[in-house]
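Scope of the values below: all heavy atoms of this structure, side chains included, with no hydrogens, waters or symmetry mates.
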Amino acid sequence: MDNERKNLTDEELKAELNKGKTGKLGGSLLIIVGIIVTIIGLVSGPSIVVCIIGVIIAAIGSSAKGKAKDEAGKKAFDAIVPELIARNFEAVEYSPREHILDAESSNIPLTNHSRLSRSGSIRGKYRGLDAELCNIVLTDESQYQDENNGQWYTNEQEVYSGQWMACKLGDAAPVSFTFWPRGKLDKLISYPTIKTDSADFNKRFNLSSANEAEVLRYLSPGRMQRILALAGSAFGEVSVSLHEDGLLYIAVKSGHGFFDIGKGRENVDALRTRYTGELKWFTDMIDIFNS
């Protein structure tokens, strides 16, 4: 990240975000024009040439829209995130070569998927503890055959998107366990889950552990109350897994990543507030278990 991008003032960043909005709008208009041209090509003739032109226009619009969003997102990241990360972490590494976060080994139940992708990895020391955050996206692929030409095609669908953080706590944990959101079917069907003394916790989460007695001792009323308070202010579905070696995983199925500009409707202050609040939410959850 160069100094020019990191040192953007709020007014300069505002101008860049507005430029991104204009670029996205222009791309959206091209997509609409492309669709209209394609429809005209289908109903008048049909004309393959017109249809191809419509598809090309829509593809150009889609590319322009995505590029505008990516550029605005990078500007916002470079202007806001380094300072925010530096306030909370030491020895920061962007895109680290070695990871401590491995979603598929976390014990947190994952939606059925064909592919897992991660992005935006940042590693550093939080209060002296090794920690890493990243964005996780799960996609599912399915095959289908076109009835008209007999060709097989692949359909790819995003089934999960969220923010994850892993932290190596200072000491080994007395017990390993995982809790994750109760689904609609869980409320109708009694799945094996450990019941705590907290009705609110039981209503909100499934809990699993190989040592029921020890996990019930560890999840004291005070700790569960703090967990529930944070879960109530979360920006998505919360899952947590603590391993006996002290590695803590925290996942929020939020539908977006860390430091994502979303649809680009937030101003600079709103982005900074959201980025700060979401990062603090994760570090506050670490603090609950690092006691």
Side-chain angles (χ1 to χ4, degrees), residues 69 73 77 81 99-123 126 131-142 155-167 176-189 191 193-194 200-209 219 224 226-243 247-266 271 273-289:
K69 180 181 178 181
F77 184 98
V81 176
H99 302 281
I100 64 171
L101 194 157
D102 183 355
E104 293 183 314
S105 300
S106 66
N107 293 337
I108 291 176
L110 299 176
T111 306
N112 290 334
H113 62 282
S114 303
R115 182 162 56 89
L116 182 152
S117 59
R118 58 184 293 159
S119 62
S121 293
I122 302 175
R123 185 169 174 175
Y126 172 69
E132 181 182 2
L133 60 87
C134 76
N135 311 314
I136 297 292
V137 173
L138 305 178
T139 53
D140 188 46
E141 295 180 354
S142 58
N155 181 48
E156 189 174 277
Q157 181 181 7
E158 182 179 297
V159 294
Y160 177 98
S161 176
Q163 297 146 280
W164 284 57
M165 185 175 287
C167 182
S176 62
F177 61 88
T178 303
F179 61 82
W180 66 99
R182 298 200 70 199
K184 294 180 179 178
L185 290 179
D186 295 341
K187 298 174 182 179
L188 300 175
I189 305 172
Y191 287 108
T193 183
I194 297 174
D200 290 337
F201 191 94
N202 298 337
K203 183 178 180 180
R204 183 154 197 156
F205 297 111
N206 289 304
L207 172 65
S208 69
S209 174
L219 290 175
M224 284 191 290
R226 293 173 67 190
I227 291 170
L228 287 169
L230 264 186
S233 65
F235 31 93
E237 297 180 352
V238 179
S239 300
V240 171
S241 184
L242 179 61
H243 299 201
L247 182 57
L248 174 70
Y249 283 95
I250 306 166
V252 178
K253 183 183 179 182
S254 58
H256 63 271
F258 280 104
F259 318 124
D260 190 337
I261 65 169
K263 295 182 178 180
R265 295 171 181 169
E266 295 168 294
L271 281 176
T273 298
R274 177 162 63 83
Y275 292 173
T276 302
E278 290 183 351
L279 185 61
K280 184 178 185 302
W281 186 95
F282 275 89
T283 55
D284 283 350
M285 185 65 83
I286 290 175
D287 292 340
I288 290 177
F289 298 96

- Could you go step by step and tell me if Arg204 and Met224 meet the side chain to side chain contact (heavy atoms under 4.5 Å, CB included) rule? CA-CA 11 Å; Arg204 183 154 197 156; Met224 284 191 290; over 6 Å; no
- Inter- and intrachain pairs under salt bridge (charged side-chain N to carboxylate O under 4.0 Å, His left out), touching residues 132-141, at least two apart: Arg118-Glu132
- Query: With a 4.5 Å heavy-atom cut-off, do Leu207 and Phe177 have their side chains touching?
  - Reply: yes
- Task: Examine distances only and state if a side-chain atom of Asn135 and a backbone atom of Phe258 form a donor-acceptor pair shorter than 3.5 Å.
- Result: yes
- Donor-acceptor pair, side chain of Thr139 and main chain of Glu156, under 3.5 angstrom: no
- Measure up the Phe77 and Phe259 rings against each other and bin them: parallel (under 30°), tilted (30 to 60°), perpendicular (over 60°). perpendicular
- Task: Of all the heavy-atom pairs spanning Pro109 and Thr178, show the shortest one and how long it is.
- Result: CD-CG2, 4.2 Å
- Query: Could you state the interatomic distance from OG (Ser114) to CG (Leu138), rounded to the nearest 0.5 Å?
  - Reply: 10.0 Å
- Task: Hey, could you give me the CD1/CD distance between Ile250 and Gln163, rounded to the nearest 0.5 Å?
- Result: 12.0 Å
- Between Trp180 and Ser241, is any pair of side-chain heavy atoms under 4.5 Å apart? no
- Query: Should Phe205 and Asp200 count as side-chain neighbours, where that means a heavy-atom distance under 4.5 Å?
  - Reply: no
Can I get a per-line list of side-chain donor-acceptor pairs under 3.5 Å for residues 232-239, giving both atom names and the distance, sequence neighbours left out?
residue, atom, partner, partner atom, Å
Ser233, OG, Leu230, O, 3.0

- Please report the shortest heavy-atom distance between Ile108 and Ala251, naming the atom on each side. CD1-CB, 4.0 Å
- If every non-hydrogen atom of Ile194 is compared with every non-hydrogen atom of Ser208, which pair is closest and at what distance? CD1-C, 4.1 Å
- Nearest 0.5 Å please: distance from the CG atom of Asn155 over to the OG atom of Ser142. 4.5 Å
- Might you point out which heavy atoms bring Glu104 and His113 nearest each other, and give the distance in Å? OE2-NE2, 3.4 Å
- Message: Under a 3.5 Å distance rule, please check whether Thr283 uses its side chain to pair with a backbone N or O of Lys280 as donor and acceptor.
- Response: yes
- Message: What I'd like to find out is whether the side chain of Asn202 reaches to under 4.5 Å of the side chain of Arg182, using heavy atoms alone.
- Response: no
- Which value, rounded to the nearest 0.5 Å, describes the distance between Met165 atom CE and Ile122 atom CD1? 9.0 Å
- Item | Beyond-backbone contact of Phe282 with Leu133, side-chain heavy atoms, under 4.5 angstrom | no
- Query: For Asn112, does the CG atom have more than 12 heavy-atom neighbours from other residues, nucleotides or ligands under 6.0 Å away?
  - Reply: no
- Query: Roughly how far, to the nearest 0.5 Å, is CD of Glu266 from OH of Tyr275?
  - Reply: 7.5 Å
- Message: Counting C-beta onward and ignoring hydrogens, is there a side-chain heavy-atom pair between Leu242 and Phe179 closer than 4.5 Å?
- Response: no
- So, does Tyr249 use its side chain to make a donor-acceptor pair with the main chain of His243 at under 3.5 Å? no
- With a 4.5 Å limit on heavy-atom distance, are the side chains of Val137 and Ser119 in contact? no
- Taking all non-hydrogen atoms of both residues, which atom of Ile136 and which atom of Ala103 are closest, and how far apart? CD1-CB, 4.1 Å
- So do Trp164 and Ser106 actually touch side chain to side chain, heavy atoms under 4.5 Å? yes
- From Glu158 atom CD to Ser117 atom OG, the distance as rounded to the nearest 0.5 Å: 8.0 Å
- Heavy-atom closest pair, residues Ala166 and Leu247: CB-CD1, 4.3 Å
- For the side chain of Arg226 and the backbone of Asp284, is there at least one donor-acceptor N/O pair under 3.5 Å apart? no
